[in-house]
Amino acid sequence: MELTDLVDKIYAATINIDFGRTGFATRGKAEEGRLSYERDISGALSVFRDAQSSYDPQAIVLIEYTFLNQELQFCEETDTDSISSLTQAIQSFKDALSA
């Protein structure tokens, strides 16, 4: 699978995971949210497996980096622990990509 396809798939999965999380908290949307969340967690894991099976370290790092960046964008501003953790992880991946 092409690297751009993997990036597109992880990007879409992350958006839908967030949609699912949001659905959990929305009256009347909990079931739809749960299904979206579960489906796209599974989809993200599939993308991670595809990247790993490519045996391309740069692809693996790029997919993880993309996922973490998306997660950071969807973080609530009040979730300072997650923001701090994601920011540190992203910096580590930036360092790995620039090496």
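Positions are given from 1 along the sequence.
The hydrophobic cluster of Leu35 has no other members, since no ILVMFWY side-chain heavy atom comes under 4.5 Å of it.
Not counting sequence neighbours, the partners of Phe48 by the ring pair (Phe, Tyr, Trp, His ring centres under 6.0 Å) test are Phe67. By the side chain to side chain donor-acceptor pair (under 3.5 Å) test, Ser42 is found to be paired with no residue, residues two or more places apart in sequence or in another chain being considered. Residues passing the side chain to side chain contact (heavy atoms under 4.5 Å, CB included) test with Glu32 are Phe19, Lys29, sequence neighbours excluded. Considering only residues two or more places apart in sequence or on other chains, Gln73 meets the side chain to side chain donor-acceptor pair (under 3.5 Å) condition with none of them. Partners of Arg39 by side chain to side chain donor-acceptor pair (under 3.5 Å), not counting sequence neighbours: none found. Listed by chain and number, the residues in a ring pair (Phe, Tyr, Trp, His ring centres under 6.0 Å) with Phe93 amount to none (sequence neighbours excluded). Partners of Ile15 by side chain to side chain contact (heavy atoms under 4.5 Å, CB included), not counting sequence neighbours, listed by chain and number: Tyr11, Gln70, Phe74. Residues passing the side chain to side chain contact (heavy atoms under 4.5 Å, CB included) test with Ser53: none are found, sequence neighbours excluded. Not a single side chain to side chain contact (heavy atoms under 4.5 Å, CB included) links Ser92 to another residue, sequence neighbours left out.
If you take NZ on Lys9 and OG1 on Thr4, they are separated by 10.5 Å, rounding to the nearest 0.5 Å. Residue Asp18 holds its CG atom at 5.0 Å from CZ of Arg21, rounded to the nearest 0.5 Å. Separation of atoms CG (Leu3) and CG (Asp8) is listed at 9.5 Å; rounding is to 0.5 Å. Within the model, atoms CG of Leu72 and CG of Leu86 stand 5.5 Å from one another, a figure rounded to the nearest 0.5 Å. Atom-to-atom distance recorded for Leu45:CG and Asp50:CG is 11.0 Å, nearest 0.5 angstrom. Considering OG1 of Thr14 and CG of Leu68, their distance stands at 9.0 Å, rounded to 0.5 Å.
The backbone N or O of Thr80 lies less than 3.5 Å from no partner atom in the side chain of Ser84, so there is not a single donor-acceptor pair. Without hydrogens or angle criteria, Ser54 side chain to Ala51 main chain gives a donor-acceptor distance under 3.5 Å.
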Which atom pairs, donor and acceptor, lie under 3.5 Å between side-chain atoms of residues 55-64 and protein residues at least two apart or in another chain?
{"unit_1": "Asp56", "atom_1": "OD1", "unit_2": "Gln58", "atom_2": "N", "d": "3.1"}

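The shortest side-chain heavy-atom distance between Lys94 and Leu97 does not fall under the 4.5 Å cut-off. When side chains are defined from C-beta on, Gln91 counts as touching Asp95, because their heavy atoms get closer than 4.5 Å.
Among pairs with a residue in residues 73-84, none fulfils salt bridge (Lys or Arg N to Asp or Glu O under 4.0 Å), at least two apart in sequence or across chains.
Closest approach of Ile83 to Cys75, counting heavy atoms only: CG1-CB, 3.9 Å.
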